[in-house]
> 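Have a look at this one before I ask anything.
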Amino acid sequence: MDVKVLVAAHKNYAMPKDELYLPVFVGKEIHPDVNQTFQGDNTGDNISAKNPTYNELTAIYWGWKNLDVDAMGLVHYRRYLSMNHRKSLDSVLSKAQAEQLLADHDIILPSKRRYFIESNESHYLHAHHHEPFEVMRQVITDKYPEYLPSFEKVMKRTWAHMFNMFVMKKQPLDEYCTWMFDVLSEVEQRTDISDYSTYERRVYGFLSELLLDVWLDQHPQYSTVEVKYVFMEHTNWFKKGGKFILRKITGHA
């Protein structure tokens with residue numbers, strides 16, 4: 001099976017040696033001179049120039065439109081799928097492991113991120129501007145009303161598959177990307193983010209993290225399997241939690 005997992009990166013960084021992985025420099029159209037080693041997301045059919053607002057989705061779009069593979073996925077340069085909790089590039093999900101999982105399943109997902117005391121909707125609204133979220137709900141209502149029950153169901157959950165990390169076989173990947181990018185494109189057309197901070201301008205990438213589970217709920221015919229995810233660097237959860245609380249109280253990053 002020909003499987004390729006893109007590693008979204010915005011700077012030079014160590015990468016796994018396994019042939020499963022393809023490092024992709026996101027926003028290459030904006031920063032053409034930063035890295036000459038990784039694949040740029042600005043070749044062929046691409047939305048590289050939208051990286052400041054679409055985040056790692058520019059890599060997903062590039063891979064979806066330009067790679068001819070049996071399955072494709074995405075991880076981040078410091079966050080990987082793994083069968084264990086070891087923080088080593090040598091222990092991340094391998095090609096052999098991915099192929100074994102995809103022999104019995106259509107989609108590989110990271111383990112659920114649990115909020116416990118907050119729903120997906122309240123967590124998002126406490127951390128970000130409200131308008132794009134409400135516009136997204138309206139877009140789904142207008143263009144994809146059959147998805148609305150799944151949307152409301154997922155927004156009430158206290159867990160989600162986050163980070164836009166996954167590995168999908170070709171058919172579900174094409175179906176998901178077609179739907180997800182159309183929803184976000186419509187939201188983009190209906191919102192004005194000109195006065196948003198640099199952080200909040202990443203809005204379409206933030207919104208997309210909520211759409212994966214909506215799409216999955218609407219398509220139970222596809223078999224999924226979860227694996228662990230690991231951060232390659234130490235995460236200061238006290239600092240990260242402090243920033244979230246600050247956003248929750250002030251509405252600013």
Side-chain angles (χ1 to χ4, degrees), residues 1-10 13-26 37-41 43-44 46 55-113 159-181 205 208-209 211-233:
M1 176 180 283
D2 189 3
V3 186
K4 196 58 68 176
V5 174
L6 313 182
V7 186
H10 64 271
Y13 208 81
M15 291 289 163
K17 302 300 183 184
D18 194 290
E19 63 179 329
L20 176 68
Y21 296 97
L22 174 63
V24 176
F25 189 91
V26 294
T37 304
F38 302 161
Q39 169 66 49
D41 65 350
T43 63
N46 72 86
N55 296 356
E56 64 276 356
L57 294 183
T58 61
I60 294 176
Y61 186 95
W62 176 84
W64 169 45
K65 290 294 188 179
N66 296 287
L67 293 181
D68 183 14
V69 292
D70 299 314
M72 190 198 85
L74 180 116
V75 294
H76 300 259
Y77 72 103
R78 291 185 299 180
R79 186 185 293 121
Y80 290 85
L81 298 172
S82 178
M83 300 298 284
N84 57 64
H85 285 301
R86 289 181 58 206
K87 292 185 178 183
S88 167
L89 290 176
D90 295 328
S91 65
V92 298
L93 188 72
S94 68
K95 187 175 190 295
Q97 290 168 336
E99 290 177 340
Q100 185 175 11
L101 291 169
L102 291 170
D104 299 315
H105 303 281
D106 300 303
I107 302 170
I108 303 171
L109 299 168
S111 54
K112 300 178 182 69
R113 188 177 189 182
W159 57 265
H161 297 99
M162 301 299 286
F163 316 122
N164 284 317
M165 289 169 57
F166 58 78
V167 184
M168 291 190 189
K169 289 181 178 176
K170 189 170 186 176
Q171 182 170 329
L173 174 73
D174 184 61
E175 293 175 6
Y176 172 61
C177 286
T178 299
W179 176 79
M180 182 262 291
F181 280 110
S208 68
E209 292 187 87
L211 290 177
L212 176 58
D213 283 327
V214 175
W215 186 84
L216 289 171
D217 189 73
Q218 188 68 20
H219 293 274
Q221 72 271 27
Y222 292 120
S223 170
T224 65
V225 59
E226 292 184 1
V227 300
K228 300 174 179 65
Y229 62 87
V230 293
F231 295 89
M232 287 298 114
E233 294 182 354

> Can you tell me how far apart OH (Tyr61) and CZ (Phe181) are? Round to the nearest 0.5 Å.
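Atom-to-atom, Tyr61:OH and Phe181:CZ are 7.5 Å apart.
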> Just wondering, do Ile107 and Leu216 contact through their side chains at under 4.5 Å, heavy atoms?
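Yes, their side chains come closer than 4.5 Å.
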> Using ring pair (Phe, Tyr, Trp, His ring centres under 6.0 Å) as the criterion, list what pairs up with His105, not counting sequence neighbours.
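By the ring pair (Phe, Tyr, Trp, His ring centres under 6.0 Å) rule, His105 matches no residue at all.
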> Partners of Arg86 by salt bridge (charged side-chain N to carboxylate O under 4.0 Å, His left out), sequence neighbours excluded?
none
> Could you state the interatomic distance from CD (Gln171) to OH (Tyr222), rounded to the nearest 0.5 Å?
3.5 Å
> Could you tell me whether the side chain of Tyr77 reaches within less than 4.5 Å of the side chain of His10, counting heavy atoms only?
yes
> Looking only at heavy atoms, which two atoms of Asn46 and Asp41 are closest? And how far apart?
CB-O, 3.1 Å
> Any chance you could lay out the side chain to side chain contact (heavy atoms under 4.5 Å, CB included) test for Phe166 and Ile60, step after step, and finish with the verdict?
CA-CA 10 Å; Phe166 58 78; Ile60 294 176; 3.9 Å; yes
> List for me each residue that meets salt bridge (charged side-chain N to carboxylate O under 4.0 Å, His left out) alongside Asp18, sequence neighbours excluded, and say none if there are none.
none
> Give the C-alpha distance, both sets of side-chain angles, the deciding distance and a yes or no for side chain to side chain contact (heavy atoms under 4.5 Å, CB included) between Tyr21 and Met15.
CA-CA 8 Å; Tyr21 296 97; Met15 291 289 163; over 6 Å; no
> Could you check whether any side-chain heavy atom of Leu81 comes within less than 4.5 Å of a side-chain heavy atom of Phe163, counting everything from C-beta outward?
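SC-SC contact between Leu81 and Phe163 ruled out.
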> Compare all side-chain heavy atoms of Leu212 with those of Met168 and state whether any distance is below 4.5 angstrom.
yes
> Nearest 0.5 Å please: distance from the CD atom of Glu226 over to the CD1 atom of Ile108.
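Nearest 0.5 Å value for the CD-CD1 distance: 12.0 Å.
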> What residues form a salt bridge (charged side-chain N to carboxylate O under 4.0 Å, His left out) with Asp106, not counting sequence neighbours?
Lys169
> Can you tell me how far apart CZ (Arg113) and CH2 (Trp159) are? Round to the nearest 0.5 Å.
14.5 Å
> I would like to know whether Met180 and Leu57 meet side chain to side chain contact (heavy atoms under 4.5 Å, CB included); could you show each step before the answer?
CA-CA 10 Å; Met180 182 262 291; Leu57 294 183; 4.0 Å; yes
> Taking all non-hydrogen atoms of both residues into account, name the closest pair between Asn55 and Gly205 and its distance.
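Minimum heavy-atom separation between Asn55 and Gly205: ND2-CA, 3.9 Å.
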> With side chain to side chain contact (heavy atoms under 4.5 Å, CB included) as the criterion, how do Tyr80 and Val7 come out once you've worked through the C-alpha distance, each side chain's angles and the decisive distance to 0.1 Å?
CA-CA 9 Å; Tyr80 290 85; Val7 186; 3.5 Å; yes
> At their closest point, which heavy atom of Val24 faces which heavy atom of Gly40, and how far apart are they?
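Smallest heavy-atom distance, with atoms named: CG1-C, 4.4 Å.
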> For residues Trp215 and Pro172, determine if any side-chain heavy atom of one lies less than 4.5 Å from a side-chain heavy atom of the other.
yes
> Is it true that a side-chain atom of Ser91 and a backbone atom of Ser82 form a donor plus acceptor pair closer than 3.5 Å?
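No, because the side chain of Ser91 does not come within donor-acceptor range (under 3.5 Å) of the backbone of Ser82.
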> Say you draw a straight line from NZ of Lys112 to CE of Met162; how long is it, rounded to the nearest 0.5 Å?
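Rounded to the nearest 0.5 Å, the NZ-CE separation comes to 14.0 Å.
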> Taking only distance into account, with no hydrogens and no angle test, what donor-acceptor pairs under 3.5 Å do side-chain atoms of residues 93-102 form with protein atoms, sequence neighbours excluded?
residue: Ser94; atom: OG; partner: Gln97; partner atom: N; Å: 3.1
residue: Ser94; atom: OG; partner: Gln97; partner atom: OE1; Å: 3.4
residue: Lys95; atom: NZ; partner: Met1; partner atom: O; Å: 3.2
residue: Lys95; atom: NZ; partner: Glu99; partner atom: OE2; Å: 2.4
residue: Gln97; atom: OE1; partner: Ser94; partner atom: N; Å: 3.0

> Run the side-chain donor-acceptor check on residues 63-70: report pairs under 3.5 Å with partners two or more places apart or on a different chain.
residue: Trp64; atom: NE1; partner: Asp174; partner atom: OD1; Å: 3.0
residue: Asn66; atom: OD1; partner: Asp45; partner atom: N; Å: 3.2
residue: Asn66; atom: ND2; partner: Asp45; partner atom: O; Å: 2.8
residue: Asn66; atom: ND2; partner: Trp62; partner atom: O; Å: 2.9
residue: Asp68; atom: OD1; partner: Lys170; partner atom: NZ; Å: 3.2
residue: Asp70; atom: OD2; partner: Asp2; partner atom: N; Å: 2.7

> Please report the closest heavy-atom contact between Ala160 and Asp213, naming both atoms and the distance.
CA-OD2, 3.2 Å
> Please check if any side-chain donor atom of Ser208 sits under 3.5 Å from a side-chain acceptor atom of Asn164, or the reverse.
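Indeed, the side chains of Ser208 and Asn164 share at least one donor-acceptor pair under 3.5 Å.
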> Once rounded to the nearest 0.5 Å, what's the spacing between atom CD of Gln39 and atom CG of Leu6?
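One gets 9.0 Å once the value is rounded to the nearest 0.5 Å.
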> Which atom pair, heavy atoms only, marks the closest approach of Ala8 to Glu56?
CB-CB, 3.9 Å
